[in-house]
Amino acid sequence: MTTKIELLPNDSATDYRTNSLFRLTMRRIVRQRSAIIGGTILLFLVLVAIFAPAIAPFDPNFVLIGHEDIKRRSDPCIHLLGCPEDQPQHILGTDGNVRDVFSRVVFGTRISLMIGFTTVGFAILVGTLLGSLGGFLGGWIDNLIMRIMDVLLAFPSLLLAIAIVAVLGHGLQNALLAIGIVSIPVYARVVRASVLSVKEQEFVSASRALGGSPMHVLFRRILPNAIPPLIVQGTLGIATAILDAAALSFLGLGAQPPTAEWGTMLGTERNQVFTAPHLVFYPGLAIMITVLAFNLLGDGLRDAIDPRLKN
Amino acid sequence: MTQYAIRRILYSIPVIFGILVVTFIMARAIPGDPCKAMLGEKASAEVCERFNREQGLDKPIPVQFGVYMKNIFSGDFGDSIRYSRPVAKILLERLPTTIELGLIALILAIMVGIPAGVIAAVRRNTAVDVGVMIAANTGVSMPVYWLGLLLAYLFALVLKDTPFWLPPSGRISAGLSATPFFEVFQWGIVEGSGIYNFLEFFANMYIFNSIISGNWEVLGDVIKHLILPAVALSTIPLAIIARMTRSSMLEVLRQDYIRTARAKGLFERFVILKHAFRNALLPVITIIGLQVGTLFAGAVLTETIFGFAGVGRMLFEAITARDFPIVQGFTVVIAVGYVAVNLLVDLSYVFIDPRIRLD
Amino acid sequence: MSETSIDNKTEELIRVQNLVKYYPVTGGVFRREIAQVKAVDDVSFSIAKGETLGLVGESGCGKTTVGHTILQLLPATSGSVTFEGTDVLSLKGAELKEMRRKMQIVFQDPYASLDPRLPIGESIAEGIKIHKMGNADERVDRVIENMRRVGLENYHANRYPHEFSGGQRQRIGIARALTLQPKFIVLDEPVSALDVSIQAQVLNILRNLQKELELTYLFVAHNLAVVEHISDRVAVMYLGKIAEMAPRDELFSNPQHPYTQALMSAIPIPKPNRKRERVILSGDVPSPLNPPNGCRFHPRCPIAKDICSHEEPEIKSLVSEPKHKVACHFTEAATQ
Amino acid sequence: MTNNTTQTLLEVRNLKTYFFTDDGVVKAVDGVDFIVNSGEILGLVGESGCGKSVTSFSILQLIDDPGRIVEGEIYFKDRDLLKLSEPEMVGMRGNLISMIFQQPQSSLNPVFTVGAQIAEVFEIHKDIDKKEAWDEAVKLLKLVGIADAEEKAKSYPHEMSGGQAQRVMIAMALALKPELLIADEPTTALDVTIQAQILDLILGLRDKMGTSVILITHDLGLIAETADRVAVMYAGQIIEQSDIESIFENPMHPYTQGLIASVPILGQVREELKVIPGSVPNLVNMPPGCRFAPRCLAKEEYTLEICNRLEPDLDKFRDAHTVRCWLYQDGENHVAPMKARE
């Protein structure tokens with residue numbers, strides 16, 4: 001025999017549409033003003049990075065001497081805004097080596113986004129491995145992993161990155177490695193914490209009671225549910241990584257001239273702040289906007305994913 | 001309660017040991033010949049051999065580590081290659097500058113960040129809240145050095161010849177000097193003695209020194225020099241503290257006991273200031289402890305821009321000059337100091353959260 | 001212990017003997033183990049095929065731990081669980097996996113017991129996928145069959161847990177437990193998180209399924225009225241031990257243990273103007289970390305005497321009704 | 001204590017409290033009317049999400065964002081609470097009207113001692129110093145049956161059991177002998193044996209002080225054993241209201257009937273429990289007509305078509321027994337099938 005139970009009143013049989021958690025989350029994200037603003041800026045930046053050669057009027061490393069009648073560190077000149085037509089147009093002016101600053105800022109987008117995604121990708125990979133291992137296995141393995149993470153966290157992260165670069169040698173690659181290493185503990189902790197909390201959920205017990213092996217339980221039940229906080233942390237982490245990488249470059253430890261990297265551009269011209277402030281202003285603004293985009297997006301994602309912060 | 005304290009203190013021992021291991025490895029992990037890396041490619045074989053012997057680099061690694069540990073615990077961080085002086089001495093000279101700058105920045109961040117966060121939480125979803133959050137998000141996204149340069153440009157150049165003018169670099173104007181307070185008072189302490197070094201450390205904090213010795217002209221000048229770097233340095237911690245205060249307050253405000261407080265007949269401002277704030281403070285204090293790290297890292301950038309002869313700038317110069325003993329020594333001290341601050345923060349919970357006492 | 005014989009006419013399916021579960025308590029500077037929470041302390045019972053044993057008690061009495069330990073979701077400290085002659089607690093790996101097909105569980109919290117990322121059809125199918133039973137078509141048939149059993153429709157399979165009400169989710173949990181065609185199901189407070197009108201739906205389903213599929217239940221709950229409604233026999237737990245156990249009608253008409261009596265009189269009955277003599281127990285339930293010496297109930301017991309504070313009563317059958325067992329110094333059993 | 005004439009202490013008229021969420025307007029309380037006479041216990045019963053807690057928070061105006069009282073009057077001794085200024089309302093809370101909650105432990109502030117939290121009530125409403133307030137708090141703790149009150153006053157909420165914490169909450173609520181106590185599921189989070197203690201305590205103190213009580217619960221047994229009158233809520237409305245005997249012996253609304261029949265009763269084994277099909281409607285999209293119509297078996301039995309179109313009123317039926325159901329009411333082109341009106 002079967003037990004007949006009437007359905008919910010709003011369970012009309014014709015309504016076959018389902019709402020996956022993913023779609024529901026997407027809808028909640030769309031409601032977050034900050035996520036939308038951050039996402040839009042990010043989309044814009046990605047487009048700029050992809051189409052940089054089309055947008056930039058010059059090659060970022062092209063020295064204009066001998067091609068145009070232009071001085072070093074000339075002020076921005078925009079014809080539409082009243083700059084005399086007989087002067088060559090450079091929207092953001094030129095730098096100390098007589099290169100077009102606008103083109104360099106545009107190409108800098110590529111490097112910064114690349115820095116953000118690669119370092120955080122690396123840190124998430126390693127951090128997830130360590131965190132899930134520790135959280136799932138527990139015991140001395142967990143203890144050992146977390147103590148090592150504690151040591152890494154005992155250094156102010158940017159300072160540790162500086163020290164690592166100081167040892168390994170200056171350069172963009174080493175800077176990326178250094179920032180990647182110092183970000184690992186954050187992800188290891190996030191993953192471990194969510195593994196521990198998901199592990200206690202009844203649906204995980206149910207999976208075990210159904211005969212699921214430890215690997216099945218870890219990879220099919222626990223880890224997928226630990227991903228959302230990781231995405232939030234990763235987005236915020238990209239912001240920090242870009243900011244830190246720019247700081248390293250500013251100090252001359254990261255990307256080396258003539259690379260069109262925003263921190264490097266700022267660093268090489270920082271003494272000109274009183275004479276040619278545009279050389280300092282625009283690269284810094286680009287850094288800030290990019291970092292802000294990731295911060296806003298991360299904030300919005302967190303609010304959308306963490307129902308406790310919702311009404 | 002004491003158990004919690006003891007456990008927390010014991011907990012930091014392996015961490016400090018780890019710090020020593022990491023910094024030890026650092027100096028040995030230099031790719032290629034460490035001697036050439038430090039003394040330059042042109043260093044001859046004999047020079048290098050002597051250098052390795054002096055630095056103990058020719059001994060087996062475990063022995064080197066033993067020596068390293070022993071030296072550090074006796075306060076010996078080796079000699080700077082560039083200055084040929086003990087690293088410890090250089091550190092002691094430089095530290096007061098950074099502490100003063102960092103403290104002012106931290107106080108600024110707390111005094112502005114916490115009220116901003118509380119107000120944003122209480123006025124949730126109003127223009128005030130949105131404004132604070134936009135400012136905070138912009139703040140955490142700001143490159144410190146960029147903000148520093150812009151501030152310098154604005155206050156030193158644009159506002160030149162106005163009362164708002166501020167000096168773009170240095171700690172004190174040329175022509176003024178911060179005579180150590182013990183000399184002003186003519187305590188007659190012998191230069192170089194232990195007590196002299198001790199007092200000099202404090203005298204090197206100019207604000208403290210000029211208040212003690214009552215030199216108001218110097219005080220004003222020193223404060224003028226401190227404003228820009230302190231503001232730049234405090235931006236990120238301030239923004240982070242404001243955000244954390246807001247979210248912590250929001251979390252607490254939806255707790256059951258807040259409803260109880262209202263149901264008792266408490267006026268809203270007491271509900272917020274008495275019942276909510278104290279509970280919201282815990283995560284904020286943790287985050288403040290972590291900001292000390294941000295301040296140290298930020299000091300490298302800020303001091304470099306504003307020409308402050310502090311620890312941060314020295315570290316930067318040492319890295320550029322490949323003066324490894326200084327890099328190593330400074331890193332150890334900053335990391336241990338950072339651990340100590342966070343230890344103190346954890347211990348302070350005992351006084352704020354009664355639940356910890358049970359543990 | 002004396003709990004070995006149950007009704008001779010019926011076949012015994014599962015027997016729990018001297019089950020003990022202690023949790024370590026760490027403390028001190030080095031977080032060493034300094035004490036043990038005696039969550040379950042020497043519990044024995046058996047359940048016959050097709051029977052429902054109700055396990056009832058207040059929070060912290062160890063009733064849920066019993067259910068979880070039987071299924072090896074928690075390792076037991078000592079004792080044995082015999083299922084159809086097999087010692088369950090010693091099973092590992094493939095043998096344990098095989099045993100899981102026969103013993104299932106339904107959890108208390110309908111919200112937490114379903115993976116929020118999976119459409120419920122997938123959740124229900126998880127067991128048969130793990131055990132690689134049948135081909136894809138057969139699996140779909142099995143899932144739909146079990147969804148219908150609990151009153152869900154085909155098209156529900158593609159929906160997600162958050163689209164269902166609490167009662168529906170609990171029915172999904174039941175369907176998931178049924179797919180492996182188990183013989184025995186631990187029902188761990190299956191209706192305590194549900195509204196009263198929904199409770200009745202789920203209780204009726206559980207009853208009908210038991211008849212239809214010849215299931216055996218261990219029904220864990222804190223609500224005495226619900227337990228009375230669904231059980232054939234009832235065991236009352238207090239601080240990790242069974243205080244009293246008897247066939248349902250016997251227990252409710254003739255409660256012997258003062259704790260059982262107090263528990264029954266504490267339950268409000270929806271009939272106004274029925275003035276009852278109430279036994280209101282004083283004090284709180286003691287912590288299982290430091291259970292009282294002697295009879296664990298003695299500090300709150302209205303009839304406690306000297307002996308109760310130092311001698312622990314054994315669980316014994318009543319002279320008049322051998323199926324009725326009580327752990328109290330002051331029942332007729334004591335004079336046996 | 002005795003009341004010579006029944007006086008109305010609290011009257012709620014057409015109360016509407018809505019929550020303005022991203023998903024739409026949740027009409028948690030949508031036109032609630034009831035009265036509480038002085039000295040009586042009114043049981044407010046209903047399933048989760050029916051709006052009984054929101055109703056009680058509305059009385060004290062403790063509705064958090066994004067909720068708002070959009071309409072209605074709440075007369076407390078002939079003064080409309082909704083028209084009071086904020087300071088006047090604050091002066092009422094904890095003084096003339098007080099409240100206890102479902103989760104006693106989380107309802108106490110973890111960073112203050114329980115003694116200080118009780119003493120605070122005196123400091124707010126009475127002009128007495130800290131020392132006196134503390135002494136009063138200790139006295140109250142003794143009154144609510146906490147042994148070793150002097151010592152216990154210095155302890156923190158996490159050091160107490162749920163039962164003790166609820167005693168502290170009761171001490172706090174009854175400190176100033178309020179005229180109305182709102183008890184929101186005061187025993188739901190507690191074990192049955194502790195629940196009996198707490199109920200005993202509330203009833204005992206009420207007899208001493210003559211406080212009127214609104215007892216909010218989902219437990220029909222609890223209502224039957226404690227309340228004088230009952231109001232049954234469903235989907236944001238009161239659907240039946242009467243004295244206690246009448247409602248249990250002669251429930252009129254099909255929902256009330258179903259609710260009573262679906263609960264297992266100790267000592268009464270029934271083969272099959274009666275079931276109310278379906279579940280509570282979505283409070284954002286309420287069905288037109290009667291809110292219970294989609295689940296109503298009586299509607300099917302009598303083939304009432306009006307239920308799906310028009311909402312019935314809460315009508316007085318017999319004496320003080322009111323019910324919101326078309327079975328007993330005539331409407332446009334509708335003649336009540338049970339002829340219950342005569």
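Heavy-atom basis, side chains included; hydrogens, waters and symmetry copies ignored. Throughout, a chain's letter reflects where its sequence line sits, starting with A, and its residues are numbered from 1. Computed from a predicted model, the values in this text were never measured in an experiment.
- Atom CG of B/Leu253 sits about 8.5 Å away from atom CG of D/Asp64, to the nearest 0.5 Å.
- Using modelled atom types, one finds a donor on one side chain and an acceptor on the other under 3.5 Å when comparing D/Arg167 with D/Gln197.
- Using a 4.5 Å cut-off between heavy atoms, D/Pro87 contacts chain B through both its backbone and its side chain.
- For the residue pair B/Gln291 and B/Thr294, a side-chain donor N or O sits within less than 3.5 Å of a side-chain acceptor on the partner.
- Ring geometry, D/His158 versus D/Tyr156: the interplanar angle falls under 30°, so the pair is classed parallel (tilted spans 30 to 60°).
- Residues of residues 105-130 of chain D having a heavy atom under 4.5 Å from any heavy atom of chain B, listed by number: D/Ser106, D/Ser107, D/Leu108, D/Asn109, D/Pro110, D/Val111, D/Phe112, D/Gln117, D/Glu120, D/Val121, D/Ile124, D/His125.
- Side-chain contact annotation: D/Ser38 with D/Glu179, donor-acceptor N/O pair under 3.5 Å absent.
- With a 4.5 angstrom heavy-atom cutoff, D/Met92 does not touch chain B via any of its atoms.
- One distance of note links CD1 of B/Ile207 with CD1 of B/Ile212; it measures 13.0 Å at 0.5 Å rounding.
- Between D/Gln103 atom CD and D/Glu185 atom CD the span is 10.0 Å, to the nearest 0.5 Å.
- Ranking D/Pro157, D/Gly94, D/Ala175 against chain B, the residue ahead of the rest is D/Gly94, based on heavy-atom pairs under 4.5 Å.
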